[in-house]
Amino acid sequence: MNSIERFLATIERKHTDRPACWLGDPTPQEALRLCEFYRAENVNQVKRVCKDDIYAVEVPYHSPKCSAIYAAFDWYRKGSNVDIEHRTLTADGCFAECEDLEDVKKTDFQWPDPELYISKEECRRIVEEAPGDKAVMGMLWASHFQDVCAAFGMQNCLVNMLTEPEMVHYVDDRIVEFYMKAMTIFLESVNGKVHALLIGDDMGSQRGLMISPALVSEFVIPGAKKLIDLAHSYGVKVIYHSCGSIEEAIPLLIEAGADAIHPIQALAAGMEPENLKKKFEGKISFCGGVDTQELLPKGTPEMVAAKVRKLRTLFPTGLIISPSHEGLQEDVPPENIKALFDEAVKIYT
């Protein structure tokens with residue numbers, strides 16, 4: 001099987017020669033360490049040597065305020081570039097003082113238009129650069145729940161969900177419209193050469209959901225379903241990202257049509273692979289599972305290989321083997337990444 005066939009078979013829970021695997025997106029410091037370890041010129045060469053099956057591309061976005069689609073909204077109206085590295089959900093956003101829907105509508109916020117800032121030519125170019133045998137995944141993020149929290153400030157937003165839900169829905173709907181338009185521009189540009197999109201919202205803590213399942217159902221799932229349905233209309237798979245303990249939200253994401261859940265934060269409550277297999281086998285696939293909190297930074301290569309073997313035993317298919325966070329940090333020894341991939345790409349007989 002090539003990587004495209006393997007990726008599709010894994011995510012569709014069909015027989016594979018081995019599971020698909022994904023390195024994720026290492027930080028610049030970790031990327032440098034991996035390049036030195038593998039004697040590679042860049043991370044793409046590292047991924048080629050590792051036999052990574054997924055070629056991820058960020059949906060290109062360039063506005064006067066930022067060069068990352070996940071920071072497209074200038075909620076703090078500072079009039080300069082959005083600080084991508086130090087954004088927060090907790091600071092008061094531009095709608096923090098709003099008390100009702102009319103206040104929100106009166107606020108002079110400049111909603112960005114993705115058509116002005118996404119180049120169709122650049123979309124085509126970055127996808128054309130992908131190796132022809134790799135599954136291409138667009139990193140759209142489309143984190144509308146996190147964005148709406150930032151728009152009000154998280155504490156204000158969570159209170160408003162209970163006291164003034166109309167104005168939260170209004171802002172969320174505008175955000176979802178932005179991401180749906182961005183997705184359409186991207187997918188229309190790439191001529192069917194993208195196999196998956198990664199979208200999602202962090203809604204879990206280490207011990208449980210940050211909001212109740214009922215609020216997830218009301219404020220997260222409708223937007224997620226719109227985005228998932230749109231991607232599916234182009235024949236594109238959707239991997240839904242949320243860090244933390246989201247076991248209670250997984251049935252809702254299944255109903256919304258997500259193809260896979262990322263990243264299986266391995267040490268979060270309820271996210272143990274045995275529990276996920278017991279409750280959700282045959283209903284949805286997963287991506288992740290190799291712990292980045294303790295195992296990859298502090299374990300030995302032998303321990304990492306043993307974990308991958310266990311994951312492969314539990315999930316002969318339906319699990320894309322990957323670190324349990326896409327942003328691989330610089331505290332992970334390259335030897336442990338090598339152990340992860342060496343075991344993941346073996347053909348078991």
Side-chain angles (χ1 to χ4, degrees), residues 3 6-7 9-14 16 18-26 30 47 50-54 56 135 137 196 198 200 202 204-207 237-250 253-254 258-329 331-333 336-346 348:
S3 289
R6 187 177 297 116
F7 169 79
T10 301
I11 208 168
E12 292 172 0
R13 300 179 295 281
K14 296 177 180 177
T16 64
R18 63 162 177 86
C21 50
W22 182 39
L23 175 63
D25 184 22
E30 180 68 3
K47 292 183 175 185
C50 289
K51 300 182 180 179
D52 189 328
D53 292 294
I54 298 174
M137 181 166 70
L198 188 142
D202 289 341
S205 71
Q206 192 75 7
R207 293 185 290 181
K237 302 292 186 184
V238 175
I239 297 179
Y240 192 93
H241 167 90
S242 177
C243 292
S245 171
I246 63 164
E247 177 193 3
E248 290 181 292
I250 291 176
L253 292 169
I254 292 171
D259 296 289
I261 302 293
H262 173 271
I264 312 184
Q265 187 167 317
L267 300 186
M271 301 303 287
E272 303 85 359
E274 296 87 351
N275 184 50
L276 297 178
K277 178 182 175 69
K278 177 182 177 181
K279 292 186 175 179
F280 304 113
E281 185 176 25
K283 300 176 182 177
I284 197 165
S285 297
F286 296 94
C287 175
V290 185
D291 170 41
T292 56
Q293 291 179 268
E294 295 290 337
L295 176 60
L296 282 175
K298 301 175 184 177
T300 64
E302 292 76 19
M303 293 165 65
V304 173
K307 178 63 175 181
V308 174
R309 283 195 297 274
K310 183 176 181 180
L311 288 170
R312 289 188 60 173
T313 300
L314 282 168
F315 292 94
T317 187
L319 172 64
I320 299 166
I321 302 290
S322 183
S324 67
H325 192 281
E326 84 291 341
L328 197 65
Q329 301 297 305
D331 59 355
V332 176
N336 283 352
I337 294 300
K338 183 177 187 301
L340 186 162
F341 276 90
D342 284 352
E343 190 62 39
V345 303
K346 285 181 180 177
Y348 292 173

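Computed from a predicted structure; not experimentally measured.
Of all non-hydrogen atoms in Gly24 and Pro26, the two that sit nearest each other are O-CD, 3.4 Å. Shown here for Gly204 and Ser242, the closest heavy-atom pair between the two residues is N-OG, 3.9 Å. Nearest heavy-atom pair, Pro301 versus Ala339, reported as atom, atom and distance to 0.1 Å: O-CB, 3.4 Å. For Gln293 against Asp291, the heavy-atom pair with the smallest separation is N-OD1, 2.7 Å. Among all heavy-atom pairs drawn from Leu295 and Asn336, the shortest one is O-ND2, 4.0 Å. Of all non-hydrogen atoms in Leu328 and Leu296, the two that sit nearest each other are CD1-CD1, 4.4 Å.
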Open item on the list: Checking Met137 against Phe7 for the side-chain contact (heavy atoms from CB on, under 4.5 Å) test, could you report, in this order, the C-alpha distance in whole Å, the side-chain angles of both residues, the deciding distance, and whether it holds?
Closed with: CA-CA 11 Å; Met137 181 166 70; Phe7 169 79; 5.5 Å; no
Task: Ser285 vs Thr10, side-chain contact (heavy atoms from CB on, under 4.5 Å): CA-CA, chis, key distance, verdict - done: CA-CA 8 Å; Ser285 297; Thr10 301; over 6 Å; no
TODO: Apply side-chain contact (heavy atoms from CB on, under 4.5 Å) to the pair Ile246 and Ile261, showing each step before the final yes or no.
DONE: CA-CA 10 Å; Ile246 63 164; Ile261 302 293; 3.9 Å; yes
Open item on the list: For a side-chain contact (heavy atoms from CB on, under 4.5 Å) check, start with the C-alpha distance between Arg312 and Ile321, then their side-chain angles and the critical distance, and finish with the verdict.
Closed with: CA-CA 8 Å; Arg312 289 188 60 173; Ile321 302 290; 4.3 Å; yes
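Looking at heavy atoms from C-beta onward, Leu267 lies in side-chain contact with Glu294 at the 4.5 angstrom threshold. Between Phe286 and Met271 the shortest side-chain heavy-atom distance does not fall below 4.5 Å. When side chains are defined from C-beta on, Leu23 does not count as touching Cys50, because their heavy atoms never get closer than 4.5 Å. At a threshold of 4.5 Å between non-hydrogen side-chain atoms, the residues Glu343 and Arg18 do not count as touching. Ile320 has its side chain within reach of Ile239: a pair of non-hydrogen atoms, C-beta onward, lies under 4.5 Å apart. A 4.5 Å side-chain heavy-atom check between Glu281 and Arg13 finds every atom pair outside the cut-off. Under the 4.5 Å side-chain criterion, counting only non-hydrogen atoms from C-beta, Ile250 is in contact with Leu276. Residues Cys287 and Trp22 are in side-chain contact: their nearest non-hydrogen atoms beyond the backbone lie under 4.5 Å apart.
A donor-acceptor contact shorter than 3.5 Å links the side chain of Ser324 to the backbone of Thr292. The main-chain N or O of Glu326 is never found under 3.5 Å from a side-chain atom of Asp25 such that the two would form a donor-acceptor pair. In this structure a side-chain-to-backbone donor-acceptor pair under 3.5 Å is missing from Glu247 to Ser245.
Classification of Glu274 and Lys310 as a salt-bridged pair holds, one side-chain N sitting under 4.0 Å from a carboxylate O.
Here CD of Glu30 is found 7.5 Å from CG of Asp331. Values are rounded to the nearest 0.5 Å. We find the CG-NZ distance between Leu340 and Lys307 to be 11.5 Å, quoted to the nearest 0.5 Å.
Here the options are Thr16, Asp53, Thr317, the test is side-chain hydrogen bond (donor to acceptor under 3.5 Å, both in side chains), and the partner is Arg6; only Asp53 passes.
Residue-environment remark: NZ (Lys277) exceeds the threshold of 12 foreign heavy atoms within 6.0 Å.
A perpendicular orientation is assigned to the rings of His241 and His325, their planes being inclined by more than 60° (bins at 30° and 60°).
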